[in-house]
Structure formats: structure tokens, C-alpha cells
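One structure is given below, encoded as C-alpha cells.
The structure displayed is predicted, hence computed values, not measured ones.
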Amino acid sequence: MPSGSHRLSPVPWSEDIPQFSPVATILGIALLLYAAIGEPLLGRRFFTRLERRRGTDPMALVTFYRVAIGTQWGWTAVIAAILVLSPGLTAAHLGLRAPQAWGPLLAAVIGFCLALLVVWVLTRDRQGKSDGPGAGRKQGPVLPPASDPGGHVLAVLAPRSRRERRTAGVLAATAGICEELLYRGLFVALGVSLGLPVWVAAVVSCLLFAFAHLYQGWWGLVGPGLLGALFMVVYLGTGSLLIPIVLHMALDMRSLLFTGGGRRHRARAL
């Protein structure tokens with residue numbers, strides 16, 4: 001790398017351009033193709049299978065969670081191999097470093113709170129709206145979870161037993177680490193190393209993250225797509241992937257365990 005090249009680096013959180021070895025580049029492109037094609041197709045296939053077995057197989061959801069956990073740690077192992085095979089690529093290039101700017105962090109916290117509010121408004125239990133004097137059983141049948149954006153998906157994925165809740169917690173932690181490393185860390189660095197402007201690499205990464213949730217229908221594209229864009233803004237603004245990892249974990253924990261995506265949707269599904 002020529003002297004002074006850090007001034008030309010398109011990566012705002014690094015002093016030089018990520019350098020992938022030829023083998024690492026092939027592995028990175030393979031992960032890119034998997035994220036674009038394999039992840040949406042497999043996600044849809046396994047979720048459809050879960051829908052069929054959810055009511056009859058007590059291990060169906062745990063199996064679904066375990067497959068997702070194993071898949072994500074599998075691609076994380078490939079990312080680790082890419083780092084080992086690329087002397088010109090460091091963990092810092094993938095965002096594994098302390099935040100370099102704290103100003104965007106405040107904006108990120110505000111944006112994250114607003115995102116949580118939007119998700120809560122769109123996915124909260126609407127049965128409570130009819131509660132009050134004279135409300136209850138005489139109101140007629142409750143609308144199915146599919147009447148809410150993403151409601152059916154959340155009802156299917158909501159843990160109903162202690163084992164499912166434990167596995168859901170592991171999945172939330174896994175997704176926070178592995179998905180951020182792949183979609184924000186690796187894909188942005190790979191795109192920049194191939195000569196793309198950082199904003200183009202960021203847009204492609206956000207689109208891939210949204211398509212990975214295609215099995216959830218249109219809400220899977222919109223909801224996770226917007227959150228993925230928020231995580232990307234936090235990443236590019238702070239220069240650290242650690243903050244998006246924590247935010248991602250917190251949001252998944254909230255969706256699966258603590259609010260409408262967990263206990264309320266679990267009761268409605270039953």
C-alpha cells in the first residue's frame with residue numbers, strides 16, 4: 001500500500017482499504033451468493049416446514065432455531081477463515097473495534113428507540129383495544145395474528161415452553177453477532193475491496209439483509225429492511241460493529257421473548 005493511501009481510503013473507520021486474498025475473495029463472493037439466493041430460499045423452506053409442524057411436533061420450533069443457529073455460526077466460521085487467509089485484512093476492517101465517533105451514537109439511540117416504538121405500534125396485541133365495560137366474549141371471535149403486520153410469523157416463532165425460550169435466547173445472541181458480521185462487517189469490506197464506493201456496498205448489504213427475511217412476507221422486507229438500514233447507519237457513523245451487535249441482540253430478545261412477539265402472540269396462537 002503506497003504511503004499516504006489512508007487519505008484515499010473510502011472506508012471511514014479505517015486508515016486503509018481492506019485487502020482480501022484471492023481465496024478469501026472467492027469465499028466472500030460465495031457468502032454473498034448464499035445471502036442473495038440460498039438464505040431467502042432456505043429460510044422460506046424451513047419456515048413453511050415449521051408452520052406445518054408447529055401444532056403437532058413439540059420440537060419443531062427448537063429444531064428451527066437450532067438450524068438457524070448452526071447456519072449462522074457456519075458462515076461466521078467462513079468469515080474467520082477469510083480473516084486468517086488475508087494478511088491485508090484485519091478485524092478492524094470488519095468493524096470489530098471501539099467506536100471512533102460518539103456523536104452518531106446519540107442519534108443511533110434515539111433512532112433505535114423510535115424503531116422500537118414503530119415495531120411496537122405495528123405488532124402490539126390489538127385485542128386489548130376492545131377491552132373495557134361490556135367487552136369480552138360477546139365481541140365475537142378474535143382476529144387471527146395475520147391481521148397484524150408480521151403477526152402470523154411472530155406467532156409461529158414465539159416460544160411457548162422453557163426449552164423454546166432458552167433456545168430463542170441463544171438464537172437472539174447468535175443473530176446479533178453473526179448477522180452483523182456478515183451483512184454489515186464482511187459485505188461492506190468486501191464491496192470496498194472490489195472497488196465499490198462504501199455507500200453502494202452499504203445499500204447492497206441492506207438489500208441482502210432484507211431479502212434474508214423474505215419468508216416473513218412483505219413485512220419481512222420492510223421491517224427488518226428498515227432496521228438493517230438503521231444498523232448500517234450506526235455502523236458507518238460510529239466506525240464500530242459492536243454497537244449494532246448489541247442493538248441487534250436487544251431487538252431480537254425483545255421480539256422473541258418479552259413483548260407481542262413472545263408472550264402475547266404465544267397466547268393468541270394457542
Side-chain angles (χ1 to χ4, degrees), residues 18 20-50 53 57 59-86 89-96 153 156-157 159 163-191 193-194 201 204-216 220 224-225 227-228 231-232 235 241-242 244-249 251-253 255-256:
F20 286 67
S21 69
V23 175
T25 300
I26 293 173
L27 291 176
I29 292 175
L31 286 178
L32 189 69
L33 293 174
Y34 168 77
I37 302 173
E39 185 70 8
L41 292 178
L42 290 177
R44 183 59 189 170
R45 176 180 178 182
F46 282 107
F47 183 75
T48 301
R49 182 180 180 184
L50 173 64
R53 300 186 178 187
D57 183 358
M59 289 296 294
L61 185 62
V62 172
T63 301
F64 180 86
Y65 284 160
R66 288 175 177 174
V67 170
I69 291 169
T71 300
Q72 294 186 16
W73 282 114
W75 77 50
T76 302
V78 177
I79 295 173
I82 289 173
L83 279 171
V84 172
L85 294 170
S86 301
L89 183 69
T90 67
H93 287 127
L94 303 185
L96 298 179
V153 175
V156 173
L157 295 178
R163 173 183 288 181
E164 290 177 348
R165 286 191 290 273
R166 286 198 301 264
T167 313
V170 175
L171 176 60
T174 296
I177 296 171
C178 300
E179 290 185 0
E180 292 305 311
L181 275 174
L182 181 69
Y183 291 97
R184 252 66 67 185
L186 179 70
F187 287 164
V188 172
L190 178 64
S193 74
L194 295 175
V204 171
S205 171
C206 290
L207 291 175
L208 291 175
F209 183 73
F211 278 113
H213 298 81
L214 189 60
Y215 69 90
Q216 299 181 16
L227 290 173
F231 295 150
M232 182 64 73
Y235 176 37
L241 198 63
L242 303 180
I245 285 175
V246 173
L247 295 179
H248 196 148
M249 284 184 182
L251 185 61
D252 280 3
M253 288 283 187
S255 296
L256 289 174

Taking all non-hydrogen atoms of both residues into account, name the closest pair between [X] and [Y] and its distance.
| X | Y | answer |
| --- | --- | --- |
| T167 | V62 | OG1-CG1, 4.0 Å |
| L157 | L256 | O-CD2, 4.0 Å |
| A175 | D252 | CB-OD2, 3.4 Å |
| L61 | V156 | CD1-O, 3.9 Å |

Quick one, [X] and [Y] - any side-chain contact, counting heavy atoms below 4.5 Å?
| X | Y | result |
| --- | --- | --- |
| F187 | L31 | yes |
| M59 | R53 | no |
| L242 | L96 | yes |
| W73 | I177 | yes |
| H93 | S193 | no |
| L214 | L41 | no |
| L182 | T76 | no |
| L194 | T25 | yes |

- [ ] Please check if atom CZ in F47 has more than 12 non-hydrogen atoms from other residues, nucleotides or ligands closer than 6.0 Å.
- [x]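 Result for CZ/F47: enclosed.
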
Open item on the list: Strictly distance-based, threshold 3.5 Å: is any side-chain N or O of S86 a donor or acceptor partner for the main-chain N or O of L89?
Closed with: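 Here the side-chain-to-backbone pair does not exist.
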
Task: Side-chain donor or acceptor of R184 paired with backbone N/O of M232 under 3.5 Å - done: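 Not confirmed, R184 side chain does not pair with M232 backbone.
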
TODO: Find the distance between CH2 (W75) and OH (Y34) and round it off to the nearest 0.5 Å.
DONE: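 If we round to the nearest 0.5 Å, W75:CH2 and Y34:OH are 5.5 Å apart.
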
TODO: Report the distance from atom CE of M249 to atom CG of L247, rounding to the nearest 0.5 Å.
DONE: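 One gets 11.0 Å once the value is rounded to the nearest 0.5 Å.
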
- [ ] Tell me, please, whether Y65 has R163 positioned over its six-membered ring: NZ or CZ under 6.0 Å from the ring centre and within 45 degrees of its axis?
- [x]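 R163 over Y65 ring: no.
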
